[in-house]
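Computed over heavy atoms, backbone and side chain alike; hydrogens, waters and symmetry mates excluded.
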Amino acid sequence: MLWRKRVTTILSLFLVLFLVAGYPMTAEGHQSEKPRSQGIDPLLKRMSIEEKVGQMMMVGFKGSEPTAEIRDLITKAHAGNIILFSWSENVGEPTQVAKLTNGLQKIAAKTPHQLPLLIAMDQEGGVVARLTQHAMELPGNMALGATRSTKGAYTAARLTAAEMRAVGVNMNLAPDVDVNVNPANPVIGVRSFAENPQLVADMGAAAIQGYQQHGVIATAKHFPGHGDTAVDSHLGLPVIDKTRAQLEEVELVPFKRAIKSKVDAMMTAHIHVPAFDPTPDLPATLSKPILTDLLRKELNYKGIIITDAMTMAGVSGTFGGVPKASVKAVQAGADMVLLTPELTTQEQMEVYQELVRAVYAGEISKKRMDESVRRILQVKSKYHLVHHRYVHVNRVEQRVGTSQHRKKAEELARKSITLVKNENHLLPLQLQTDEKLGIISPVSLRDYVLPYHANTTEFKMTSVNPTDSEIDQALEMAKGMDRLVVGTYSASLYPQQVKMVQALTKLEKPITVVALRNPYDIMKFPQVEAYMNAYGYRSVSLQAAVDTLFGVNSPQGKLPVTIPNLYPYGWGLRYGE
């Protein structure tokens with residue numbers, strides 16, 4: 001009997017090696033060939049329904065190292081994929097992340113089929129990034145869109161991929177290829193490259209190549225397009241009430257390009273799109289006409305379809321909760337359901353159990369399940385993950401946040417800064433030593449400004465929606481200043497922030513507003529003398545903005561969006577204009 005067990009073990013290992021050996025990579029981790037899939041079907045036959053369901057789940061947990069809870073999800077629920085967040089303490093400094101991912105992969109390596117994990121996070125760049133401690137910070141998508149450089153988008157993705165792989169993260173839930181045509185969009189905004197669908201398509205395709213050619217699975221999101229919404233799908237169900245023709249002309253353009261670019265994963269949107277599926281209040285994530293008929297059949301998409309987080313109100317608030325909604329998502333055509341640490345381990349187990357029950361009950365056919373698992377295994381094969389399962393922890397510091405990476409990021413940020421308004425040539429700032437410069441901002445700019453002008457006072461808001469008392473304090477400080485620089489953060493969403501800026505303009509002092517997120521803020525206070533877009537609040541964007549304020553960097557960016565009734569798409573001033 002012992003020899004039979006040994007033969008069985010060797011055969012299982014051989015099948016895994018055969019599965020993942022189909023996609024050799026270069027020494028830099030680049031893909032070099034198409035994958036072979038001959039080993040996948042024999043492995044599928046050996047896997048139980050429970051093991052297959054586990055491969056269709058991406059789960060989350062809380063903790064900076066492998067916990068008993070995540071061990072249970074990998075070993076008892078057979079979870080084949082993990083998502084990491086900084087808020088759940090998964091992502092801290094790079095060495096910690098590398099130790100964590102190695103630990104997770106070690107747990108998976110001891111399961112019967114020894115399949116490697118997909119380990120993912122949202123590393124879009126800009127305002128959405130998880131790996132930020134001692135790591136390279138990049139300007140986000142809209143900042144890149146302002147540069148109009150597909151080469152820059154590729155470079156940003158390539159650098160991101162290098163740092164992700166260095167810490168053992170092999171899947172990026174990026175790029176966001178939504179077309180942000182709605183200035184009131186509360187959830188996309190600067191996460192989009194632009195309002196122009198062709199520019200979004202070009203930049204998105206470049207980013208996909210940058211990730212996937214350097215060993216990280218890219219995920220185009222949020223299908224069929226989240227850019228024309230005024231509701232946050234984390235909080236409710238947005239509706240895009242456009243015709244099919246309108247959707248074809250705008251929302252679908254970048255996704256078609258992503259498919260042509262062979263993106264390996266596509267994330268769904270928790271939005272209702274009646275033109276594609278008139279079923280009342282049904283989000284795209286749960287729509288078979290959208291995921292199967294449109295994306296899979298009509299657009300001929302071959303890769304993984306992964307849901308957005310099933311905990312979001314746009315999908316979890318109805319359909320019997322997350323477990324039943326997850327079954328409906330798979331029935332609609334999703335290959336993988338995304339579960340985040342808002343759910344306890346027990347709640348994620350309940351999702352797993354409901355999916356297993358649905359397969360045994362015939363609500364999800366075994367054929368449908370196998371199609372999804374095959375796609376997931378093909379991607380794991382394509383990236384040769386069994387041989388790239390672990391990372392060298394002692395090399396992380398030499399690979400993450402390097403001076404070379406930071407220099408490239410700084411170059412991209414400097415090219416993105418967009419000067420929208422500059423009355424009376426207020427900028428660049430040329431201050432006398434005794435002139436008092438006042439800064440008012442929700443994000444501290446003081447350390448960036450002081451090397452240029454020591455006679456600077458800063459009032460830092462405690463939130464993006466300051467109290468009346470804070471507004472009074474800011475005004476009192478501003479009265480004693482000669483010049484003012486005001487940082488704003490998506491002001492249209494925060495009425496107290498607008499109230500403060502409008503009050504400051506009444507002081508009749510030279511005032512420059514720097515928008516630290518969405519570029520539309522000037523709509524609320526068009527009377528300001530000078531206005532500049534930084535598109536983000538990461539240090540790399542703050543430094544570039546301040547360098548531009550003082551004329552060390554010349555503004556080069558062009559608006560990637562229209563500022564309604566004020567400035568057209570493509571607008572951007574240079575100094576002296």
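The pair Arg374-Asp41 counts as a salt bridge, with a side-chain nitrogen and a carboxylate oxygen less than 4.0 angstrom apart. Between Glu124 and Lys221 there is a salt bridge, with a side-chain nitrogen of the basic residue lying less than 4.0 Å from a carboxylate oxygen of the acidic one. Residues Lys242 and Glu248 are not paired through a salt bridge, judged by the lack of any N-O separation under 4.0 Å between the basic side chain and the carboxylate. Taking 4.0 Å as the cut-off between side-chain N and carboxylate O, Glu354 and Lys324 count as a salt-bridged pair. Ion pairing between Arg191 and Asp122 fails under the 4.0 Å rule for side-chain N and carboxylate O.
Classification of the Phe85-Trp87 ring pair by plane angle, with boundaries at 30° and 60°, yields tilted. In this structure, Tyr537 and Tyr489 have tilted ring planes: the angle between them lies in the 30° to 60° band.
Counting only heavy atoms from C-beta outward, the side chains of Asp264 and Tyr383 approach each other to under 4.5 Å. At least one side-chain heavy atom of Asp176 sits less than 4.5 Å from a side-chain heavy atom of His222. Contact of the Leu173 side chain with the Ile83 side chain is registered, since non-hydrogen atoms from C-beta on lie closer than 4.5 Å.
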Going through the distances and angles, do Gln346 and Thr344 end up as a side-chain hydrogen bond (donor to acceptor under 3.5 Å, both in side chains)? CA-CA 5 Å; Gln346 180 56 39; Thr344 66; over 6 Å; no
Check against side chain to side chain contact (heavy atoms under 4.5 Å, CB included), Lys256 and Leu299: CA-CA 7 Å; Lys256 289 180 179 179; Leu299 300 184; 3.8 Å; yes
Leu412 and Thr147: side chain to side chain contact (heavy atoms under 4.5 Å, CB included), yes or no, with the steps? CA-CA 8 Å; Leu412 293 170; Thr147 72; 5.8 Å; no
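The shortest non-hydrogen separation linking Leu115 to Ala108 is O-CB, 3.6 Å.
In terms of modelled atom types and a separation under 3.5 Å, the side chain of Thr219 and the main chain of Ala265 share no donor-acceptor contact. Looking at Asn170, its side chain does come within 3.5 Å of a backbone N or O of Ile119 through a donor-acceptor pair. A donor-acceptor pair under 3.5 Å links the side-chain atoms of Arg296 to the main chain of Tyr301, judged by distance alone. With hydrogens and angles ignored, the 3.5 Å screen pairs a side-chain donor or acceptor of Asn81 with a backbone N or O of Gln55.
Exactly one of Thr285, Asp308, Asp232 qualifies for a side-chain hydrogen bond (donor to acceptor under 3.5 Å, both in side chains) with His270. That residue is Thr285.
For Gln246, the CD atom is densely surrounded, since the number of other residues' heavy atoms within 6.0 Å is greater than 12.
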